[in-house]
Structure formats: C-alpha cells, structure tokens
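The next block holds one structure in the form of structure tokens; read it before the comments.
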Amino acid sequence: MKKAAVADATLRLFDNTVCSLGFKEKIEIVKQLDRLSVDVIETAPLLNGKSDVLFLHTIAPLTQKCTLSCAVPLDDELVALSCKAVIKAAKPRINIIAPVSAVQMEYHCHKKPDAVLDKIRSVTETVRNAGIETEVSFADATRAERDFLVSAIKTAVRAGARIITLCDSAGVMLPGELLEFISGLKKDLPELDSLILSVECSDELHMAPACAILCIGAGVQQIKTAIGIPGRLELKALADIMLTKGDALGITASLNRTACSSIISAVEKIISGQSSAAAPERRKDIASNSGDWKLSIADDMVAIGDAVKKLGYELSAEDLGNVFNEFQRIAQKKELGPKDLDAIVATVAMQVPPTYTLKSFVINSGNIITSMAHVVLMKNDEEVQGFSMGDGPIDAAFLSIENIVGRHFELDDFQITAVTEGREAVGSGIVRLRSNGKLYSGKGISTDVIGAGIRAYVDALNKICYEENN
C-alpha cells in the first residue's frame, strides 16, 4: 500500500493574477485549512517583498497542525526573508523554485546552467542551516536536458534538500510519458528512494488527475493540488479519484470527503464575499488628514499599516504582524480610533529586553511649591538615580529619567486613562518619545497615575536603548 501525502497548495489563490483577496480573507482561509488538518499549505512565490513578508509573519503562528511552506525563487535576499518569516510556524518549510529548462533559465532566471547549479547549492544550504525543512521544486523539469536535470537534483540533495518536486510546468506530457519520466529518474538517482518525491502536474491537457495517479504508482509521495487555479491539478478531482478508487489502486491518503468539501466550500464562500465597498473607503479616510478615523474588523493589514504610518511609526514586518493580530482580537468587540491603535502599538510592538527597570520614585508637588521628583532605576543590577524639578509632577519625573540617561528626548505624546473604576482605579499610561526622528511608544500600568506615566516612559526608553545598541 502506498500512502500519498497530498500537499494542498490552496494558498496559490492569493496570487493576484488569479484573484484579489485582502489580508482578512487570506487569514480566514489559512485558519480553515489548518483547522481541517491539511498536510501542507503552500503560499504563492515570495515576490512582493514587504507585503508578502507581512502576510507570512501573520499566518505563521496560526498554522499549528499543518506545514507552512513558502515558495521562493533563486534569490539570496528573498530566501533569507522567507526563512525569517516562516520560522515561527509549528512546521516551517521553504520551497525553492529552481528553473531547469533552457527556456526557464534564459528568460526567468537570466543565468547559465553552471550558475543555476551554484545558486541551487547556496540557497539550499542557507535554508538547511536555518534549520527549516527544505524542498526544491524543479520548474519545467519535463523539458530540461536530462543530464542537467540529474545534476541539479544531485546538487540539491547534497546541499540538504529533503523534498524533491518535479514540475510538468508546460503540461507537455501525457500520463504514460510522465510515468516513464519519473521511473527513469528514479533509476538514475537511487538517492531519491530516501527522500520525499513530489510532483506538480499541469492540467493544460486536462489529464492532471490521471498523471498524478500514475506518479503515485511510480513511488511519488506528495502531490500538489490547488483550488480554482486554471491549469493546475484541482484538489476535488484528485480527492474524488482517491476516495472512489483508492483501495482498488492500492493508494491511501490522509483525505476524507467531508474535509475536502468543507475546504472547497469555505474558500469559495470567502472568495465570493471578498468584494467590500467599505474597506477601500475606510482606507481613504485613514489616509486623510482627519484625526477622527475609525478602524473595524473589516480592515485588512494594509489599512492597519497605513494607520500606523499615519500615527508616525515605522514598524518591522514582525511588529506590524503583532499589531494586526492584537487589532483583530479587539476589533471583534468595537471600532478602534487613533488612541486605541496607539495603545496597541505600545503594548505589542518592539517588545525588547529591558535596559532599565523602575525601582522607586518620590514626588513632591503642590500648588505653592515647585514639583520635584527623585527616580531610582536599575541598570545591570546597579542603582542609578536622578533628581529634578519641573513644571508639574510628570514633567519633574521625566526630567529625572533624562538626568539618569544623560540625554533629552522629545515627548511627542502622553496619555493617561483609567482601565478600572472607583477611587482605586488602575491607570494606564502611554508615552511616545522621538529619537533621531523615529517614534517609540511605551505603556505602563499602575494604581498611581504618575507611576503609570513613569513606567510608560521607561518602557519607551528601553526600546530606544535596544535599537541603538543592536
């Protein structure tokens, strides 16, 4: 009995050449797929830099049951970005797309054969050294020169690839021809027996399901499928064959009809409801100079990114992903304004090891005396202290901290809000400091509003110290 591990490439739907989905729709599809325990979710090739990285940072923590595979071309920078983007997934994988036919190498990669082999080796080693499961997909393999294809596969295997995918990208082979092609390569490359052999069948000739079934008979363990992408093997078509004739063919797979139907219907429902007039209009409002805009659960990561920039922050892809996740949690209960988003940024973005921690503070203030503050901080297990007078207790406390660190920061904003009711209400402080033109936000909570402000200032200060020293 042969077991076919069906790798569901449903996320190829997110390629803009097929349809345009917002971050919210994409994330919902990922949640549905992971809930149904598909074997592998493979994203479209990482080509759009920052926006693709943001998406991967967001979905990586959501994939707890399935493997999250990111496709990436033979590009050192994009491979490095992909490794960082998927590393937080429970089961991360990088799928390196390597062109091996003369046409693909000349027009898509712009490299000679020897240069392609060197690049396959180097990027595969990069992924292996990152401790991430490595797949190499040989694009247009069925039209490649046989000797070169064998050399390319050997190069990938020696560099650490554990999954080898052969792609009939142009759809030039009939089922019997593809079977002969796979069987011949297995004879030439005995090392394939110890690896996971995978195929990606084109449906240009409307024979992809038959090609896939024959490949499984030749020892292929992974078949790549899709939902709703022209020219690709459809999940439903392959599942129907396996579920109906699997026993007769001696094939088993981790599929069930109910799960497949649920996946397909969920994706179709999301796609059919993707058009929303509210989201573009809301993004337009955010981009305006008005300070009274609101955000709702309908807003995607692009809109949140615009709003964060509007507040003056420059966040990394990981931090923006954290902000978006927290925004989604809160936005299920209410709409959020600029101050709400500011608080989210202060809470979840740029969380760093503390350089300073607050030990104690003493404030003397009144309507007939000048406010004075004595603040004691801990740095490297040593006490450092500052004393200052100021225009009010908060000003005095902040100036005391500046005396400790020996420099002045521009206070861009300071907010105090009550998070509980009553005389002993807990106060939440938000401080925004500007250093070298960049904003840093800190948050502090205390039953004392001055204490909340001091803690928020120290939180922002720690972020400045961390970034300047790393």
Nearest heavy-atom approach of V136 to A161 is CG2-CB, 3.8 Å
Are there more than 12 heavy atoms of other residues, nucleotides or ligands under 6.0 Å from atom NZ of K379? no
Using only heavy-atom distances, determine whether the side chains of Y440 and N462 contain a donor-acceptor pair under 3.5 Å. no
Mutual orientation of the aromatic rings belonging to F414 and F398 [parallel < 30°, tilted 30-60°, perpendicular > 60°]: perpendicular
Is it the case that the side chains of S137 and N95 hold a donor-acceptor pair, with the cut-off being a distance below 3.5 Å and no angle test? yes
Is it true that, when you exclude E382 itself, more than 12 heavy atoms of the residues, nucleotides or ligands shown sit nearer than 6.0 Å to its CD? no
Quick one: do R407 and E468 make a salt bridge, cutoff under 4.0 Å? yes
With side-chain contact (heavy atoms from CB on, under 4.5 Å) as the test, pick out the partner of V308 among D342, I344, L320. L320
May I ask you to decide whether E200 forms a salt bridge with R232, counting only side-chain N to carboxylate O separations under 4.0 Å? yes
Please determine if R93 and E135 form a salt bridge, counting it only when a charged side-chain N lies under 4.0 Å from a carboxylate O. yes
Indicate yes or no: does K463 engage E467 in a salt bridge with an N to O separation below 4.0 Å. no
Give a yes or no on whether the backbone of M105 and the side-chain of K111 come within a donor-acceptor separation of less than 3.5 Å. no
Give, for atom CD1 of I450 and atom OG of S365, the distance between the pair rounded to the nearest 0.5 Å. 7.0 Å
